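Worth saying up front: this structure is predicted, and the values here are computed from it rather than measured. Order of the sequence lines fixes the chain letters, A, B, ..., with proteins taken first and strands second; residue numbering starts at 1 for each chain.
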Number of protein chains: 2
Amino acid sequence: MKRDSRLSSVLHALLHMAEREGPMTSGELAACMRTHPVVMRRTMGMLRAAGLVRSASGPQGGWRISADLAKVTLRQLHETLGEPAIFAVGNRHETPACLVEQSVNAALDGAFAEAEALLLARFGQITLADLAADFSRRHAAWRERNA
Amino acid sequence: MKRDSRLSSVLHALLHMAEREGPMTSGELAACMRTHPVVMRRTMGMLRAAGLVRSASGPQGGWRISADLAKVTLRQLHETLGEPAIFAVGNRHETPACLVEQSVNAALDGAFAEAEALLLARFGQITLADLAADFSRRHAAWRERNA
DNA sequence: TCAATTCGTAATAAATGAAGTTACATGAAG
DNA sequence: CTTCATGTAACTTCATTTATTACGAATTGA
């Protein structure tokens, strides 16, 4: 199964943008991600629709963050991306007539719901500012090593 | 992304088998699941390799449970099925050189690891006997309603 | 022994959805 | 008006599960 890596992508993009003065073009972002500029436009476009970033055409154009890093959580980004399915494992049929299958679904749904709630709660606690701070620490440590 | 429903399938199959005296053929199981007999053979074959079920060829052949329902947990079945990836969402690159991406991955990996640990812990607490008991309750309630 | 039943398994196709690509239109800077 | 950049539709590629076909092997019972 192919994993959805859009959340990972937009986080990577937003953090690079946060480390920069001017805007970043789709091409620059795509180079960071080793992907295609159109893929970046498509994905970042969802953030633009939510008002988290802005884009501009033409020379000196590109993408800029238009939100407070301390107020944007991973959960919010997950929602902005359309809340894609988190689990790659699931029930065979969603609303089966078979009573046996209903028991199976109830057990699995319960466990998955708990895990999803935990994951989303964690996502709700992590902001872009937290990630930026983590990056600063890693960057400082890296400079230390290469001093 | 296509969801892996094999755990759901084998649970459904095992519970039907538990409700039965004799063996069940791949065709009967496939009819319960609305799928193809070969799919059942393939999936059940993994359980057979782990000693959880037995199969026999020829007339009066089919599949039987060869384990104690109270001792088989959902976690064990998940492992028997090869521990398929639980999440449909993940990192773009697993071991990036980019420090920014390392921060992103660290945050996501932490949250996913917690959620996975919770899910597997829950799976470890649920046995086939629990599901069979839940089915009995549902079945009794169903007979009550249709009395 | 023969016919029917059932599993075992390889090979292949269908289905799904993200990712990648192409093509072209739109808009801004100079 | 040329260049750079986004916007977006259409299409292809890729990965993975599920479904199907085909055929072989084993078992039962007449």
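- Of all nucleotides listed (D:dT20, C:dA19, D:dT18), C:dA19 comes nearest to the side chain of A:S5.
- Counting any heavy atom pair closer than 4.0 Å across all strands shown, A:R54 reaches no nucleic acid atom.
- With a 4.5 Å cut-off on side-chain heavy atoms, A:W63 and A:E28 do not count as touching.
- Under the rule for a ring pair (Phe, Tyr, Trp, His ring centres under 6.0 Å), the partners of B:H16 that lie at least two apart in sequence or sit in another chain are B:H12.
- The interatomic distance linking A:F87 (CZ) with C:dG17 (P) rounds to 18 Å, in whole Å.
- The CZ atom of B:R34 sits 16 Å away from the C1' atom of D:dT18 (whole-angstrom rounding).
- Between the side chain of A:T35 and the backbone N or O of A:A31, no donor-acceptor pair lies under 3.5 Å.
- What separates CG of B:L29 from P of D:dA19 is a distance of 14 Å, to the nearest Å.
- Evaluation of the ring pair (Phe, Tyr, Trp, His ring centres under 6.0 Å) rule for A:F112 yields A:F87, B:F123 as partners, not counting sequence neighbours.
- Following rounding to the nearest Å, B:H36 (NE2) and C:dA11 (P) show an atom-to-atom distance of 18 Å.
- If you take CG of B:D4 and P of C:dT16, they are 16 Å apart, rounded to a whole angstrom.
- Salt-bridge formation is detected for the pair A:E94/B:R3: a Lys NZ or Arg NE/NH1/NH2 atom is positioned less than 4.0 Å from an Asp or Glu carboxylate oxygen.
- For the pair A:T25 and D:dA5, the criterion of a side-chain N or O lying under 4.0 Å from OP1 or OP2 is not met.
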**OP:** Mind running side chain to side chain contact (heavy atoms under 4.5 Å, CB included) on A:L108 and A:V104 for me, showing each step along the way?
**Re:** CA-CA 6 Å; A:L108 291 178; A:V104 172; 4.0 Å; yes
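- A straight line from CE of A:M24 to C1' of D:dT6 spans 15 Å, rounded to a whole angstrom.
- The existence of a salt bridge linking B:R64 and B:E21 is excluded, since no basic side-chain nitrogen approaches an acidic carboxylate oxygen closer than 4.0 Å.
- A:L81 places its CG atom 11 Å from the P atom of C:dA18, with the value rounded to the nearest Å.
- DNA chain C is contacted by B:V38, B:R41, B:R42 of residues 38-46 of chain B, taking any non-hydrogen atom closer than 4.0 Å.
- Shown here are the side chain to side chain donor-acceptor pair (under 3.5 Å) partners of A:T127, two or more places apart in sequence or in another chain: A:D130.
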**OP:** List the steps and the verdict of salt bridge (Lys or Arg N to Asp or Glu O under 4.0 Å) for A:E114 and B:R122.
**Re:** CA-CA 9 Å; A:E114 277 190 70; B:R122 284 287 175 272; 2.7 Å; yes
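- Taking every heavy atom of residues 56-68 of chain A and every atom of DNA chain C, pairs under 4.0 Å involve A:S57, A:G58, A:P59, A:Q60, by number.
- With rounding to whole Å, B:M17 atom CE is found 13 Å from C:dC7 atom C1'.
- Within residues 7-14 of chain A, no residue has any heavy atom under 4.0 Å from DNA chain C.
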**OP:** Start with the C-alpha distance between A:R138 and A:E144, add both sets of side-chain angles, then the distance that settles salt bridge (Lys or Arg N to Asp or Glu O under 4.0 Å), and finish with yes or no.
**Re:** CA-CA 10 Å; A:R138 286 171 194 266; A:E144 192 74 20; over 6 Å; no
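- At a threshold of 4.5 Å between non-hydrogen side-chain atoms, the residues A:D109 and A:N91 count as touching.
- Side-chain N or O atoms of A:Q102 include one that pairs as donor or acceptor with a backbone N or O of A:P96 at under 3.5 Å.
- Put simply, B:S26 has a side-chain N or O that comes within less than 4.0 Å of OP1 or OP2 on C:dC7.
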